Engineer: 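Below: one structure in structure tokens.
These numbers come from a predicted model, not from an experiment.
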Amino acid sequence: MRVELLSWEKAEPLAAPIRFAIFVEDKQAAGFELDDLDKDCVHAVAYDDAGKAIATARMLPDGQIGRMAVVKDWRRRGVGAQLLEALIGEARKRGLADVRLTAPVQALEFYRSQGFVADGKIQPMGGALQQPMKKPLGG
């Protein structure tokens with residue numbers, strides 16, 4: 001498995017179908033999968049050994065990470081951690097002090113294991129409970 005950081009122009013044909021499958025078909029969250037911010041983001045795309053895209057995530061210029069989606073067969077296999085690692089590395093290159101995300105409560109333990117800490121109260125967002133989190137990057 002490998003992860004690449006791409007512009008939206010290059011990531012869209014790979015990331016959009018994954019996000020649509022996860023966010024719309026699996027969760028019935030229509031309208032959430034794509035937005036106007038994509039063009040301003042750096043996109044991480046993970047590929048299996050055959051070169052098929054299996055996961056994606058994005059980071060806004062301010063360090064907000066989101067739209068993480070891993071196809072079902074690849075979950076709990078370290079793919080999400082590798083996506084985060086790639087985006088955090090890019091945030092460090094850009095000199096950002098921290099990265100932030102909003103985690104679904106069922107994923108809190110995963111994000112904690114990646115060094116994220118709570119950064120606000122759990123709130124309902126998009127029909128699910130979400131926890132704002134951040135990870136200080138320190139020099």
Engineer: With a 4.5 Å cut-off on side-chain heavy atoms, are Y47 and V3 touching?
Structural biologist: no

Engineer: Are V45 and L87 connected into the same hydrophobic cluster when the rule is that any two of I, L, V, M, F, W, Y join if their side-chain heavy atoms are below 4.5 Å apart?
Structural biologist: no

Engineer: Looking at every heavy atom in both R58 and C41, which two are closest together, and how far apart are they?
Structural biologist: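 That would be CD-SG, 3.6 Å.
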
Engineer: Please round to the nearest 0.5 Å and tell me the distance separating atom CG of D40 and atom CG of D62.
Structural biologist: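 Output value for this atom pair is 10.5 Å.
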
Engineer: Do the non-hydrogen side-chain atoms of E12 and D38 ever get within less than 4.5 Å of each other?
Structural biologist: no

Engineer: Return yes when atom CD of E9 has more than 12 non-hydrogen atoms of other residues, nucleotides or ligands closer than 6.0 Å, and no otherwise.
Structural biologist: no

Engineer: Any chance you could lay out the salt bridge (Lys or Arg N to Asp or Glu O under 4.0 Å) test for R100 and D98, step after step, and finish with the verdict?
Structural biologist: CA-CA 7 Å; R100 296 173 183 274; D98 57 35; 3.2 Å; yes

Engineer: Identify the two heavy atoms, one from K10 and one from P13, that lie closest to each other, and give their separation to 0.1 Å.
Structural biologist: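 So the two residues come closest at O-CD, 3.5 Å.
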
Engineer: Do the side chains of L108 and F116 get nearer than 4.5 Å, heavy atoms only?
Structural biologist: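 The answer is no; the side chains never approach within 4.5 Å.
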
Engineer: Is L14 reachable from I18 through a run of I, L, V, M, F, W or Y residues, each pair having side-chain heavy atoms under 4.5 Å apart?
Structural biologist: no

Engineer: Is L137 linked to I65 within one hydrophobic cluster, defined over Ile, Leu, Val, Met, Phe, Trp and Tyr using a side-chain heavy-atom separation of less than 4.5 Å?
Structural biologist: yes

Engineer: Which residues pass the salt bridge (charged side-chain N to carboxylate O under 4.0 Å, His left out) test with R94, not counting sequence neighbours?
Structural biologist: E90

Engineer: Report yes or no: do L60 and M125 belong to one cluster of Ile/Leu/Val/Met/Phe/Trp/Tyr joined by side chain heavy-atom distances under 4.5 Å?
Structural biologist: no

Engineer: Do the rings of W8 and H43 sit parallel, tilted or perpendicular, given the 30° and 60° boundaries?
Structural biologist: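 Judged by the thresholds at 30° and 60°, the geometry between W8 and H43 is tilted.
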
Engineer: Could you pull out the closest heavy-atom pair between A46 and V79, with the gap in Å?
Structural biologist: CB-CG1, 3.8 Å

Engineer: Quick check for you: to the nearest 0.5 Å, what is the distance between M59 atom CE and M68 atom CE?
Structural biologist: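 CE of M68 is found 12.0 Å from CE of M59.
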
Engineer: State, yes or no, whether a side-chain contact exists between V117 and Y111 at a heavy-atom distance under 4.5 Å.
Structural biologist: no

Engineer: Please answer whether the main-chain N or O of A118 pairs with a side-chain N or O of K134 as donor and acceptor at a distance below 3.5 Å.
Structural biologist: no

Engineer: Between the main-chain N or O of V70 and the side-chain N or O of R75, is there a donor-acceptor pair closer than 3.5 Å?
Structural biologist: yes

Engineer: First locate atom CD of Q114, then atom CE of M133, and finally report the distance between them rounded to the nearest 0.5 Å.
Structural biologist: 10.5 Å

Engineer: Measure across L101 and Q64 and return the closest heavy-atom pair with its distance rounded to 0.1 Å.
Structural biologist: CA-NE2, 3.4 Å

Engineer: Side-chain atoms of residues 49-56: list all donor-acceptor pairs with protein atoms under 3.5 Å, sequence neighbours left out, distances to 0.1 Å.
Structural biologist:
from, atom 1, to, atom 2, distance (Å)
D49, OD1, M1, N, 2.9
T56, OG1, A44, O, 3.1

Engineer: Please answer: with hydrophobic residues joined when any side-chain heavy atoms are less than 4.5 Å apart, are F110 and L129 in the same cluster?
Structural biologist: yes

